Amino acid sequence: MAFPDVVVPDIAVVVIGRNEGERLGHCLRSVAGLRTVYVDSGSSDGSADRARAAGAEVIELDAAGGFSAARGRNAGIERLLADPAVVHVQFLDGDTRLDPGWLAAGKAALDADPALGAVFGRLREQDAGRSIYRWLCDLEWAVPPGPAKAFGGNVLARAAALRDTGRYRTEMIAGEDPDYALRMRGRGWGLLSLAAPMGIHDSGIDRFGPWWRRTIRAGRGFAALAALHPDAPGYARGRARILFWAGVVPLIAIAGLALGIAADRRWLLLALAALLLVAAQTVRVTARESRRHGPLRAFALSLFLAIGKYAEMIGLLRYHRDQRRGRTL
């Protein structure tokens with residue numbers, strides 16, 4: 001297959017996707033001129049043909065192995081790292097388009113510090129003002145510049161660090177990117193967040209249902225990461241917050257209500273205390289975030305953070321259920 005003209009000789013791109021539609025077209029156009037491997041996970045919308053027409057090298061995964069982001073990234077890694085001319089690999093999700101100046105900024109950072117294994121920049125959400133759900137995604141991408149503890153799916157990695165770290169855990173269906181980042185750090189490589197813009201992500205989330213399902217997946221990721229990396233306190237704390245706000249507090253409220261009705265009304269004070277705790281947390285988060293977002297947006301953020309804990313709890317419980325059944329992480 002003939003590759004596109006290479007404009008950055010030592011950087012190649014891995015794009016993964018499934019039924020991304022026109023978003024994939026935008027993604028591939030943003031890396032035109034680079035050697036690009038597109039890994040497709042069973043698309044039915046002609047994504048593989050779209051990628052071939054754009055000049056990408058296409059790998060179509062078979063359904064027998066199961067589809068996952070980790071499996072897609074691994075297929076791209078294996079193809080590109082067979083070429084010694086590839087020095088850096090840009091990973092890109094099919095719903096994301098790269099900023100025109102990102103690769104120059106990312107490559108400069110990697111070239112300036114041989115100890116860096118991966119760098120990433122500021123990712124923005126497409127049309128963040130269209131819905132509260134897109135705005136929440138935009139906030140999620142806002143990682144402060146400086147040394148980083150983990151990265152997401154869109155990252156520029158040094159090929160040597162990829163060889164040293166190995167492959168993504170294909171058994172993980174959530175949290176595979178932070179897991180890989182933690183393993184890379186464990187091999188002695190540094191991670192860096194840059195202030196430079198990296199790209200535009202288009203979640204397509206404009207309704208509650210997709211946001212709820214995405215948040216369930218996040219909870220599953222927290223559970224898996226806390227189990228795999230008990231020494232990484234951020235994930236253990238995240239799991240503890242889920243258990244407290246979506247587990248302990250509701251149980252206290254339910255127990256107080258049940259005992260108050262069945263036995264002694266004084267038990268209703270316990271249920272009231274739980275409700276007041278939730279209200280106090282909402283007020284605290286609203287006050288903290290008002291300085292950045294204004295009171296209305298801050299209240300919306302605090303409300304969705306509270307609601308999201310219940311979705312994350314579902315993800316956490318599903319993770320432990322599947323672990324007992326010997327299923328994937």
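Numbers for residues simply follow the sequence, beginning at 1. Heavy-atom basis, side chains included; hydrogens, waters and symmetry copies ignored. Predicted model, so just to flag it, every value in this text is computed and none were measured.
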Margin query: Over 60° means perpendicular and under 30° means parallel, so tell me whether F208 and F304 are parallel, tilted or perpendicular.
Written below: tilted
Next item on the list: Assess whether side-chain contact (heavy atoms from CB on, under 4.5 Å) is satisfied between R217 and R214, documenting all intermediate values.
Entry: CA-CA 5 Å; R217 187 175 182 276; R214 185 175 185 274; 5.6 Å; no
Note to self: Taking the side chain as everything from C-beta on, heavy atoms only, tell me whether L243 gets closer than 4.5 Å to L316.
What the structure shows: yes
Notebook entry, point to check: Is the charged tip of R158 near the ring of W189: under 6.0 Å from the six-membered ring centre and within 45° of its axis?
Noted result: no
Note to self: What I'd like to find out is whether the side chain of R297 reaches to under 4.5 Å of the side chain of E289, using heavy atoms alone.
What the structure shows: no
Check: Distance-only, no hydrogens or angles: does the R71 side chain make a donor-acceptor pair with backbone N or O of G66 under 3.5 Å?
Finding: yes
Next item on the list: Would you indicate whether the side-chain heavy atoms of Q281 and V285 approach each other to under 4.5 Å?
Entry: yes
Checklist line | Nearest-0.5 Å distance that lies between atom CG in D164 and atom CZ in R187 | finding: 4.0 Å
Notebook entry, point to check: So, do I59 and R79 sit near enough that their side-chain heavy atoms are less than 4.5 Å apart?
Noted result: yes
Next item on the list: Using the rule that two of Ile, Leu, Val, Met, Phe, Trp, Tyr join whenever any of their side-chain heavy atoms come within less than 4.5 Å, decide whether L139 and L303 are in one cluster.
Entry: yes
Next item on the list: Kindly compute the distance separating CG (L225) from CD (E176), expressed to the nearest 0.5 Å.
Entry: 9.0 Å
Checklist line | Side chain D93, main chain N154, donor-acceptor under 3.5 Å | finding: no
Notebook entry, point to check: Between L92 and S30, what is the shortest heavy-atom contact and its length?
Noted result: CD2-OG, 4.3 Å
Item checked: Sidechain-backbone polar pair: R73 side chain, Y168 backbone, donor-acceptor under 3.5 Å -> no
Next item on the list: Can you measure from CD1 (I200) to CD (Q126) and round to the nearest 0.5 angstrom?
Entry: 6.5 Å
Margin query: Checking S203 against E125: is there a side-chain donor and acceptor pair closer than 3.5 Å?
Written below: yes
Margin query: As a quick check of understanding, evaluate side-chain contact (heavy atoms from CB on, under 4.5 Å) for I132 and W211, giving each step before the final call.
Written below: CA-CA 10 Å; I132 185 68; W211 173 82; over 6 Å; no
Check: Going through the distances and angles, do R29 and R97 end up as a side-chain contact (heavy atoms from CB on, under 4.5 Å)?
Finding: CA-CA 8 Å; R29 282 191 290 274; R97 62 182 186 271; over 6 Å; no
Check: Between the main-chain N or O of T282 and the side-chain N or O of T286, is there a donor-acceptor pair closer than 3.5 Å?
Finding: yes
Check: Hey, does the side chain of R318 reach the backbone of R220 with a donor-acceptor pair shorter than 3.5 angstrom?
Finding: no
Next item on the list: Is it possible for you to say whether V283 and F299 belong to one hydrophobic cluster, with membership spreading through side-chain heavy-atom contacts below 4.5 Å?
Entry: no
Margin query: Set out, in order, the CA-CA distance, both residues' side-chain angles and the distance that settles salt bridge (charged side-chain N to carboxylate O under 4.0 Å, His left out) for R18 and D45, then state yes or no.
Written below: CA-CA 8 Å; R18 181 179 187 183; D45 68 347; over 6 Å; no
Note to self: Can a side-chain donor-acceptor contact be found between D10 and H88 if the only test is distance below 3.5 angstrom?
What the structure shows: no
Next item on the list: Starting from the C-alpha separation in whole Å, work towards a yes-or-no answer on salt bridge (charged side-chain N to carboxylate O under 4.0 Å, His left out) for E312 and R241.
Entry: CA-CA 10 Å; E312 291 170 346; R241 285 194 292 268; over 6 Å; no
Next item on the list: For the pair S131 (side chain) and I205 (backbone), establish whether a donor and an acceptor sit closer than 3.5 Å, ignoring hydrogens and angles.
Entry: yes
Next item on the list: Kindly compute the distance separating CG (L268) from CZ (R266), expressed to the nearest 0.5 Å.
Entry: 11.5 Å
Check: Hey, does the side chain of R288 reach the backbone of A298 with a donor-acceptor pair shorter than 3.5 angstrom?
Finding: no
Next item on the list: Taking S68 for its side chain and I173 for its backbone only, find out whether a donor-acceptor pair lies under 3.5 Å.
Entry: no
Margin query: Under a 3.5 Å distance rule, please check whether D40 uses its side chain to pair with a backbone N or O of S43 as donor and acceptor.
Written below: yes
Checklist line | Value rounded to 0.5 Å, distance of CE in M313 from CZ in F222 | finding: 14.0 Å
Next item on the list: Could you tell me whether the side chain of Y180 and the main chain of G166 form a donor-acceptor pair under 3.5 Å?
Entry: yes
Next item on the list: For R265, look at atom CZ and say whether over 12 heavy atoms of other residues, nucleotides or ligands are found less than 6.0 Å away.
Entry: no
Checklist line | Audit row: I77, V14, side-chain contact (heavy atoms from CB on, under 4.5 Å) steps and yes/no | finding: CA-CA 8 Å; I77 289 173; V14 172; 5.5 Å; no
